[in-house]
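What follows is one structure encoded as structure tokens, with my remarks underneath.
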Amino acid sequence: MILAFHKPYGVLSQFTPDGSPNRPLADFAFPKNVYPIGRLDADSEGLLLLSDEPQWNKRLLDPEHHVTKTYLVLVERMPAEEALRLLCEGVILDGRATMPAEACILDPQPTMPPRNPPVRVRKTVEDFWIELRIREGRNRQVRRMTAAVGHPTLRLIRVAIGAFRLGDLQAGKWREIHAAERPLLLGSAV
């Protein structure tokens, strides 16, 4: 079984508490014996997969498979073409370049449901949503990439893994991914 979960802000990608005020996955009544495939930090939102089938870890997380993950990222200030080009070509993190990515400013800018707690607002600095598609998963990679090009991340929502999209699944809810949808996780159309 593979489950799609819309992980809210302030939720850990693990079943056990860690001593922080963040909620564990155990609070969401998942079936027994599932575990997260990969992770989203507590301050990130969006699509998190859970499964009781261990082979999905390698198929989705191993960098040799290059499964694309798509994020909507609220950043400070409008990124210039140069910043977007750098994100696409790769930025240096921990002494080595990230793999090439895809980045664009969303036009029109999406209207997203509010987050609790709200994103901090600075009256003198405008925020913009970009879409960023990456094929690797280093620690806090998206946040570190946008910061490296001068646009700190204010809000981060993973909206797709492969061609499987979060869609209208509400925050805090989950559903089973049906057999016919599984190829989407690897980027294949059904």
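These values consider heavy atoms only, across backbone and side chains, with no hydrogens, waters or symmetry-generated copies.
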Would you say [X] and [Y] make side-chain contact, with heavy atoms under 4.5 Å?
{"X": "D52", "Y": "P31", "result": "no"}
{"X": "R182", "Y": "W56", "result": "yes"}
{"X": "M99", "Y": "I134", "result": "no"}

Legend entry - side chain to side chain donor-acceptor pair (under 3.5 Å): pairs with one or both residues in residues 10-26, sequence neighbours excluded: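 For residues 10-26, and leaving out neighbouring residues, the side chain to side chain donor-acceptor pair (under 3.5 Å) pairs sorted by first residue read D18-S20, S20-N22, R23-D27.
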Legend entry - All pairs passing side chain to side chain donor-acceptor pair (under 3.5 Å) where residues 97-111 contributes a residue, at least two apart: E102-R133
Identify the two heavy atoms, one from [X] and one from [Y], that lie closest to each other, and give their separation to 0.1 Å.
{"X": "E45", "Y": "P8", "result": "CG-C, 4.3 Å"}
{"X": "P36", "Y": "F15", "result": "CD-CE1, 3.9 Å"}
{"X": "N57", "Y": "G38", "result": "OD1-N, 4.3 Å"}
{"X": "L49", "Y": "L47", "result": "CD2-CD1, 4.0 Å"}
{"X": "R77", "Y": "P152", "result": "NH2-CD, 4.4 Å"}
{"X": "H178", "Y": "R175", "result": "CD2-NH1, 4.0 Å"}

For the [atom1] atom of [X] and the [atom2] atom of [Y], what is their distance to the nearest 0.5 Å?
{"X": "E176", "Y": "L3", "atom1": "CD", "atom2": "CG", "value": "6.5 Å"}
{"X": "L106", "Y": "L132", "atom1": "CG", "atom2": "CG", "value": "10.5 Å"}
{"X": "E76", "Y": "E126", "atom1": "CD", "atom2": "CD", "value": "12.0 Å"}
{"X": "L72", "Y": "I130", "atom1": "CG", "atom2": "CD1", "value": "9.5 Å"}
{"X": "L50", "Y": "L25", "atom1": "CG", "atom2": "CG", "value": "6.0 Å"}

Inset, instruction - Output every pair passing salt bridge (charged side-chain N to carboxylate O under 4.0 Å, His left out) with a member in residues 83-93, not counting sequence neighbours, ordered by first then second residue. - result: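 Residue pairs with at least one partner in residues 83-93: E82-R85, R85-E89.
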Would the distance check show the side chain of [X] and the main-chain N or O of [Y] forming a donor-acceptor pair, the cut-off being under 3.5 Å?
{"X": "K173", "Y": "H6", "value": "no"}
{"X": "S51", "Y": "M1", "value": "yes"}
{"X": "R138", "Y": "R144", "value": "no"}
{"X": "R158", "Y": "G46", "value": "no"}

Answer yes if [X] and [Y] sit in the same cluster of Ile, Leu, Val, Met, Phe, Trp and Tyr residues linked by side chain heavy atoms under 4.5 Å apart, and no otherwise.
{"X": "Y71", "Y": "I105", "result": "yes"}
{"X": "I37", "Y": "I161", "result": "yes"}
{"X": "L166", "Y": "V11", "result": "no"}
{"X": "L40", "Y": "L156", "result": "yes"}
{"X": "V67", "Y": "V159", "result": "no"}

Without placing hydrogens or testing angles, list every side-chain donor-acceptor pair under 3.5 Å for residues 112-119, not counting sequence neighbours.
{"residue": "R115", "atom": "NE", "partner": "P117", "partner atom": "O", "Å": "2.8"}
{"residue": "R115", "atom": "NH2", "partner": "P117", "partner atom": "O", "Å": "3.4"}

Inset, instruction - State yes or no: are the ring centers of W174 and F30 separated by less than 6.0 Å? - result: yes
Inset, instruction - Inspect the contact between R39 and D41 and indicate whether a charged nitrogen and a carboxylate oxygen are less than 4.0 angstrom apart. - result: yes
Inset, instruction - Please say whether more than 12 non-hydrogen atoms of neighbouring residues, nucleotides or ligands are located less than 6.0 Å from CD in Q55. - result: yes
Inset, instruction - Can you tell me which residue pairs pass the ring pair (Phe, Tyr, Trp, His ring centres under 6.0 Å) test with a partner in residues 122-173, sequence neighbours excluded? - result: none
Legend entry - Residues in salt bridge (Lys or Arg N to Asp or Glu O under 4.0 Å) contact with D43, at least two apart in sequence or another chain: R140, R143
